[in-house]
Amino acid sequence: MSEERNEFEVRRSKLASLREGGFDFPNDVKPTHHASLLHDNYDDLTKEELAEQAVEVSIGGRIVLRRDMGKASFATLYETGHRIQIYVRSDGVGEKAYDDFKHLTDVGDIVFVKGVVMKTNRGELTIEAKIVQLLVKSLQPLPEKFHGIADQEFKYRRRYVDLIVDQESRHVFETRSRVLSSIREFFHERDYWEVETPMLHPIPGGASAKPFTTHHNALSRTLYLRIAPELYLKRLVVGGVERVFEINRNFRNEGLSTRHSPEFTMLEFYESYATFEDMMDLTDEFMLRVVNDALGQGSVSFGELELDFTEPAHRVTMLDAVAAELDENPTALRDEDHVRKLAAELEVHVAKSMDAGAILNELFEARVEHKLEQPTFVTQYPASISPLAMRNKSDPDFTDRFEYFVAGREIANGFSELNDPEDQRARFEHQASLKSAGDEEAMSIDEDFLTALEYGMPPTAGEGIGIDRLVMLLTDKHAIRDVMLFPQLRDRA
């Protein structure tokens, strides 16, 4: 029998003994204090001052450390991300209560303690117990000596254990929570509506990606898990909701990597009578606000980089960025034969169906993107790879679109929205031809969305920001699974 299994059986035996004594997982206790509040209020007081005040408190928490000595025990409780020591004596809680605490409780158990705040001779804030009550018997042992989890996959599969034993992991998800709160406050202050749009779509759309497919029995029809909420949010803009945002879970049937997950969280927002340039200005404001709210400063340490968000991000067109990196003439990069030959020389794979714009994007992703360390907007994306973006009025081969890069990775994508229904139909039809030719990520024709555009959508700009990648940036994490509470994983071999 493995050591872990043996420990499990020992704990089950203790639970059986507890049940014989009447234990039944009580749920009628009401702690009056939290560990963080106790530290805030009493850490600065001396042992003598605390003894004079005789402050009575009660707290619930999980035992994470313990030291038993004859007729007394010290234990550390973990509660809402903080620790507090308790001191349990036989002549303080009663002989039977102490005997049960010493012999029938373990590291991992959850207990309720009522007592008086004190300090030990070493100056550690402690609750001297008058009552100690077991609330939950933990059958599974925590990692050895509470030193954390070395097995990264174990952390992902048992995030609940990871959150107990690893304060860094808890900080990551606490930061994520602050980011989401900051986002909502930012947009509410600017009179945006927060909405919820469908997660089951009759047609996959809003982005170029392979969808997950499901079946609705009652409707007897195929449905698709949401790739993006874009087309529904723009329907709302047509309906007169001029400022709208959604924090949404998206699903794309793609591979797993350090930056990609089949389900992920996006922020999408749209504003009428705004342009892609307005969205870039808004993004500069947004990033500084969220960084400050999450970290209390306007800069981020990410790996060896120190990233500054106090100044507006640099802006460069895709043509100019690729031309500068490859020492090419921007005009030459418009020619399909030239860029196809260039891609072959640089060993950048491109498909036969790609035009000059699509190949330019491949060159950008292969040779430029990873070098964009400080915040940068790359603008003017080719029309052939931007089926929902408005063409640039003076250069229709390109669109008024940007992507926002930090530390060599895309964080956001935005553009002036295409609101010409005839142009949108033509772009959908081009996407449909690609799908017919075997491109599983190409879009389908969404007739209802086209009908919505025919009613008229005001000039609008919109943007999507990857929440997971944003949190990775703010917490110095380099794998998307580190910032997802319950990431998708492959089956164990």
Side-chain angles (χ1 to χ4, degrees), residues 200-214 221-235 238 250-255 260 318-319 322 333-344 348-366 380-393 395-401 403 413-455 457 462 464:
L200 291 174
H201 291 189
I203 297 172
S208 297
K210 184 179 179 181
F212 285 95
T213 304
T214 187
R221 68 185 301 185
T222 298
L223 293 173
Y224 304 89
L225 292 184
R226 175 170 57 197
I227 290 175
E230 178 167 343
L231 301 186
Y232 283 94
L233 292 172
K234 289 197 284 194
R235 285 172 170 89
V238 171
N250 291 341
F251 305 86
R252 300 181 184 179
N253 202 348
E254 58 191 14
H260 296 88
M318 179 182 284
L319 264 178
V322 175
L333 294 175
R334 294 171 173 267
D335 181 76
E336 181 177 338
D337 290 338
H338 179 73
V339 290
R340 191 173 292 277
K341 179 181 178 182
L342 189 60
V348 176
H349 175 73
V350 297
K352 292 182 179 180
S353 61
M354 289 182 176
D355 67 1
I359 296 171
L360 175 68
N361 183 62
E362 294 296 319
L363 292 171
F364 168 78
E365 291 183 351
Q380 304 299 321
Y381 273 63
S384 60
I385 62 166
S386 309
L388 299 170
M390 180 173 284
R391 294 179 190 271
N392 183 268
K393 299 302 185 185
D395 193 351
D397 288 338
F398 292 85
T399 60
D400 287 341
R401 173 186 169 190
E403 289 191 358
N413 177 29
F415 38 85
S416 295
E417 302 296 335
L418 177 57
N419 62 349
D420 178 343
E422 293 181 347
D423 189 359
Q424 183 65 82
R425 180 176 290 279
R427 307 249 206 122
F428 275 159
E429 288 174 349
H430 173 68
Q431 288 285 306
S433 69
L434 295 177
K435 184 179 285 289
S436 297
D439 185 349
E440 294 181 308
E441 296 188 352
M443 294 185 193
S444 302
I445 299 174
D446 189 331
E447 291 290 350
D448 183 72
F449 177 67
L450 290 170
T451 298
L453 286 187
E454 288 168 354
Y455 279 94
M457 184 175 78

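Hydrogens, waters and symmetry mates are skipped; everything else that's a heavy atom, side chains included, is used. Computed from a prediction, not measured in an experiment: that's the story for all the values here. Note that the numbering runs from 1 along the sequence shown for the chain.
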Is a side-chain donor or acceptor of [X] paired with a backbone partner of [Y] at a separation under 3.5 angstrom?
X: E362; Y: V348; value: no
X: D400; Y: M390; value: no
X: R401; Y: L388; value: no
X: R226; Y: N250; value: no
X: Q424; Y: P387; value: yes
X: T399; Y: Y381; value: yes

Are side-chain heavy atoms of [X] and [Y] found at a separation under 4.5 Å?
X: M457; Y: F449; result: no
X: E230; Y: Y232; result: no
X: L319; Y: R334; result: yes

Nearest 0.5 Å, what's the [atom1]-[atom2] distance between [X] and [Y]?
X: Q431; Y: D439; atom1: CD; atom2: CG; value: 7.5 Å
X: L225; Y: N253; atom1: CG; atom2: CG; value: 9.0 Å
X: L231; Y: D448; atom1: CG; atom2: CG; value: 10.0 Å
X: S386; Y: Q380; atom1: OG; atom2: CD; value: 10.0 Å
X: T222; Y: L200; atom1: OG1; atom2: CG; value: 12.0 Å
X: L360; Y: R340; atom1: CG; atom2: CZ; value: 13.0 Å

Which atom of [X] lies closest to which atom of [Y], heavy atoms considered:
X: R252; Y: A228; value: NH2-CB, 3.9 Å
X: I227; Y: P204; value: CD1-CB, 3.8 Å
X: V350; Y: M354; value: CB-SD, 3.8 Å
X: A452; Y: V238; value: O-CG1, 3.5 Å
X: L450; Y: P421; value: CD2-O, 3.8 Å
X: Y224; Y: P211; value: CD2-CG, 3.8 Å

Using a cut-off of 6.0 Å, state whether more than 12 heavy atoms not belonging to E454 lie near its atom CD.
yes

Please name the residue in the list R427, R425, K234, R235 that meets the salt bridge (charged side-chain N to carboxylate O under 4.0 Å, His left out) test with D446.
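It is R235; the other options fail the test.
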
Sidechain N-carboxylate O distance under 4.0 Å for D337, K341:
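Not counted as a salt bridge, because no side-chain N and carboxylate O are separated by less than 4.0 Å.
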
